[in-house]
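As structure tokens, the structure follows; a few thoughts come after it.
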Amino acid sequence: MKRVIMIAVLASLPLWASAKEAEFTGGDPQLHARVMSVAGELRCLVCQGQSLSDSNSDFARDMRQQIKEMMESGKSDREVVDFMVERYGDYVRYRPPFKSTTVLLWFGPFLLLGLGVGVLYWNILRRKKQIVEAPLSDADRRRAETLLQDQSEDGKA
């Protein structure tokens, strides 16, 4: 019974760990929506796999506040994102831009897939060449017939 309870608790852990968007704390709802939209595009640098809008870390709260202040001062969404990229690099973006330093990021999986298919094809061809069909000798043929007859007699008995 303890095992069942423990398995049920462990199976339900991912449900408890789901991330939620940060709570609205008042103010202009349109500005909050803009802040959360931009924060959704940016990665929380202290969390693993969470955006600034999903994270409740102190860093994410500070960054959202900074985004809000920049927007209140009249900066556009694009200017805010550019500021964050200038300050923290392309890593802060969830969707990195296509440029020479990110080419491998965009095409690396396809290169690995092509390499894997090529290695598999080469291995299949190599094994196909190793298979040599040799005809049975008369002795082998007689031995096989004897084994088949013995097996069929054992099956009848």
Side-chain angles (χ1 to χ4, degrees), residues 1-136 140 144 147 151:
M1 187 65 179
K2 283 183 178 180
R3 281 187 154 178
V4 173
I5 292 172
M6 187 174 286
I7 289 172
V9 168
L10 290 174
S12 65
L13 280 177
L15 298 174
W16 297 341
S18 66
K20 294 180 182 174
E21 188 174 284
E23 301 272 332
F24 177 60
T25 56
D28 184 10
Q30 289 181 341
L31 179 64
H32 177 75
R34 272 185 65 204
V35 168
M36 296 313 283
S37 173
V38 169
E41 301 273 327
L42 301 173
R43 181 185 314 269
C44 179
L45 299 177
V46 296
C47 304
Q48 290 189 354
Q50 286 186 316
S51 68
L52 288 177
S53 65
D54 294 337
S55 174
N56 285 321
S57 69
D58 291 338
F59 176 79
R61 277 190 224 122
D62 291 344
M63 296 302 289
R64 286 193 301 265
Q65 182 63 32
Q66 188 174 6
I67 292 170
K68 182 180 176 187
E69 289 171 6
M70 291 171 73
M71 288 181 171
E72 286 174 340
S73 71
K75 293 197 175 194
S76 69
D77 296 359
R78 179 76 182 168
E79 290 172 330
V80 171
V81 171
D82 288 345
F83 172 79
M84 293 295 179
V85 169
E86 185 179 311
R87 189 169 188 181
Y88 298 106
D90 283 330
Y91 179 74
V92 78
R93 301 177 109 185
Y94 262 116
R95 287 180 266 159
F98 184 78
K99 54 187 186 182
S100 63
T101 56
T102 60
V103 166
L104 215 84
L105 183 68
W106 286 97
F107 295 111
F110 299 111
L111 290 173
L112 286 176
L113 178 65
L115 182 68
V117 169
V119 166
L120 180 67
Y121 183 72
W122 175 77
N123 202 9
I124 288 171
L125 286 181
R126 191 178 59 117
R127 285 182 177 225
K128 207 173 188 179
K129 289 179 182 175
Q130 290 178 347
I131 297 173
V132 178
E133 290 191 27
L136 289 177
D140 289 340
L147 287 172
Q151 188 178 12

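- Note: M71 CE to Q30 CD = 12.5 Å, rounded to the nearest 0.5 Å.
- In this structure, CG in D54 is found 9.5 Å from SG in C44, a value given to the nearest 0.5 Å.
- You'll find the side chain of H32 reaches within 4.5 Å of the side chain of M36, heavy atoms only.
- Not one N or O on the side chain of R43 forms a donor-acceptor pair closer than 3.5 Å with the backbone of G49.
- Taking each heavy atom of S51 and G40 in turn, the nearest pair found is CB-O, 3.8 Å.
- S76 contributes a side-chain N or O that, together with a main-chain N or O of E79, makes up a donor-acceptor pair within less than 3.5 Å.
- Once rounded to the nearest 0.5 Å, the distance linking CG of L111 with CG of L115 reads 8.5 Å.
- Residues K68 and V35 approach most closely at CA-CG2, 3.7 Å, considering heavy atoms.
- The two residues V80 and K75 make their nearest non-hydrogen contact at CG2-CB, 4.2 Å.
- Rounding to the nearest 0.5 Å gives a distance of 10.5 Å between CD1 of I67 and CG of L31.
- Between F83 and Y88, a ring centre-to-centre spacing not shorter than 6.0 Å is recorded.
- Salt bridge E41/R93: absent, no basic N to carboxylate O contact under 4.0 Å.
- Side chain of Y94 to main chain of Q50: a donor-acceptor pair is present (N/O by atom type, distance under 3.5 Å, no hydrogens or angles).
- Around CG of L147, the count of heavy atoms belonging to other residues, nucleotides or ligands within 6.0 Å exceeds 12.
- With S55 contributing its side chain and L52 its backbone, the two residues share no donor-acceptor pair below 3.5 Å.
- Closest non-hydrogen pair, P96 versus L105, comes out as CG-CD2, 3.2 Å.
- In this structure the side chain of D90 reaches within 4.5 angstrom of the side chain of P97, judged on heavy atoms.
- Counting all heavy atoms, side chain and backbone alike, V46 lies closest to S57 at CG2-OG, 3.5 Å.
- Within 6.0 Å of the CZ atom in R126, the count of heavy atoms belonging to other residues, nucleotides or ligands exceeds 12.
- Looking at heavy atoms from C-beta onward, R64 lies in side-chain contact with R61 at the 4.5 angstrom threshold.
- Within a 6.0 Å radius of CD in E133, other residues, nucleotides and ligands contribute 12 heavy atoms or fewer.
- Between L42 and V38, some side-chain heavy-atom pair lies under the 4.5 Å cut-off.
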